Each structure stands twice: as C-alpha cells, then as structure tokens.
Amino acid sequence: MVTRGAGQHFWIGPGTEGALTPSLPSSLAFVAALWLGFAPYVLHFSQVRGGLANGIDVAVALVVAVLALIRTVVPRDFPAFSVVNAALGLWLVAAPFVLGYTRARIVVVDLVVGVLLLTLSGLSAALTYRQRKVQIGSPSV
C-alpha cells in the first residue's frame, strides 16, 4: 500500500507487484464495450426487429465503456460501477432470449460480450471489495 497525500492507494507500488488489480479487468471490460458498440455496424444488426438490437447494444456499450473507464482510472473508487457493468453483462446474456433475436451473429456477440462483462466486472468489484477489507483490517502505516 502506498500513501500519497492524505489517501492510501492499494493499486500501485511494491505491494501490488505480480498481483491482479481491479484496473486490469476493468480495462478489458472497456475493450469489450468498444467491440459491443461497433459490432452492430460491422455486423449489420439494423435488420433485426427494426434496429432494436442495434440500439440496445450501443446504449449498453456506452454505459459500460464510461463506467469501466472510470474504474480503470480510479480502481479503488466506485466498485458499484463494476457491479452495474456485471448486471448489464447479465442483461446481454438474457436479451437475445427475452427479445427474441433471430440472427445467430447477434446472439453470439451478445452472449460472448455479456459473459465477458459479467466475469470481468464481477472480478473487478470482488478485487476492490477484497482489497478494501484487507486494507481496513491492517494496522495504520
């Protein structure tokens, strides 16, 4: 744990060497959100249910990208953002079945990105909460 000014940060310094920090899964979730945002245009989702899949994927991608970027930059703060991203990943897994998507490529993109977001964002939140718990339990430096 490294002290800078008034705050203590556990995501930098000698204590984190070789350890997985919340920034890594959040940055990978950001990359997954970028793909999700461009996939409707690359794979032509607009033909499905009047562009519903297109709009949903782009909206989810924008929210996930912003929240994941915030978590990448300040991984100690806002672990609830990762929980929101995990919930959006769960929605992406359910959306093809709830909304009745018929094109295989849309279903595959939503399932793969949804599982990635659920896993990566869940991991990021878990790492933050675990490191906060360890930090609270340790004596003051």
Side-chain angles (χ1 to χ4, degrees), residues 1-138 140-141:
M1 187 167 30
V2 174
T3 303
R4 286 194 178 167
Q8 295 179 341
H9 303 284
F10 54 75
W11 65 89
I12 58 173
T16 61
E17 290 178 15
L20 182 62
T21 63
S23 289
L24 179 61
S26 292
S27 62
L28 294 174
F30 176 77
V31 172
L34 287 179
W35 166 247
L36 182 65
F38 285 109
Y41 303 105
V42 173
L43 301 175
H44 307 291
F45 286 11
S46 61
Q47 302 145 348
V48 177
R49 298 194 66 162
L52 180 65
N54 185 8
I56 288 173
D57 283 0
V58 170
V60 169
L62 286 172
V63 172
V64 169
V66 168
L67 297 180
L69 187 59
I70 291 170
R71 290 282 296 145
T72 299
V73 174
V74 286
R76 179 181 179 190
D77 303 328
F78 313 115
F81 287 1
S82 288
V83 174
V84 170
N85 281 349
L88 289 171
L90 187 60
W91 163 248
L92 284 175
V93 170
F97 306 106
V98 171
L99 301 174
Y101 296 165
T102 56
R103 297 253 170 137
R105 60 183 163 204
I106 300 170
V107 174
V108 169
V109 167
D110 279 6
L111 288 177
V112 169
V113 173
V115 168
L116 280 172
L117 289 177
L118 187 59
T119 304
L120 293 169
S121 298
L123 179 62
S124 179
L127 286 170
T128 301
Y129 287 124
R130 186 185 72 195
Q131 289 176 349
R132 280 183 171 187
K133 184 178 175 181
V134 169
Q135 182 182 8
I136 290 171
S138 66
S140 228
V141 177

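Just the heavy atoms: all of them, side chains too, but no hydrogens, waters or symmetry mates, feed the values below. Here the structure is a predicted model, which means the values were calculated and not measured.
- Taking CG from Leu43 and CG from Asn54, the interatomic distance works out to 11.0 Å, rounded to the nearest 0.5 Å.
- At least one side-chain heavy atom of Leu92 sits under 4.5 Å from a side-chain heavy atom of Asp57.
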Give every donor-acceptor pair under 3.5 Å between a side-chain atom in residues 64-72 and any protein atom, sequence neighbours left out.
from  : atom 1 : to     : atom 2 : distance (Å)
Arg71 : NE     : Ser82  : OG     : 2.8
Arg71 : NH1    : Pro75  : O      : 2.5
Arg71 : NH1    : Asp77  : O      : 2.9
Arg71 : NH2    : Ser124 : O      : 3.2
Arg71 : NH2    : Ser124 : OG     : 2.9
Arg71 : NH2    : Thr128 : OG1    : 2.6
Thr72 : OG1    : Ser27  : N      : 3.2
Thr72 : OG1    : Ala68  : O      : 2.8

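- Here Ile56 contributes atom CD1 and Asp110 contributes atom CG; the two are 8.5 Å apart, rounded to the nearest 0.5 Å.
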Review point. Should Thr119 and Leu123 be marked as a side-chain contact (heavy atoms from CB on, under 4.5 Å) after you check the CA-CA gap, both sets of side-chain angles, and the distance that decides it?
Key: CA-CA 6 Å; Thr119 304; Leu123 179 62; 5.6 Å; no
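- Contact detail for Pro96 and Val107: the closest heavy-atom pair is CB-CG2, 3.9 Å.
- Between Leu120 and Pro25, the closest heavy-atom pair is O-CB, 3.3 Å.
- Distance check, rounded to the nearest 0.5 Å: CG of Leu117 to CH2 of Trp91 gives 14.5 Å.
- Side-chain contact between Leu24 and Leu127 is absent, with no heavy atoms from C-beta onward closer than 4.5 Å.
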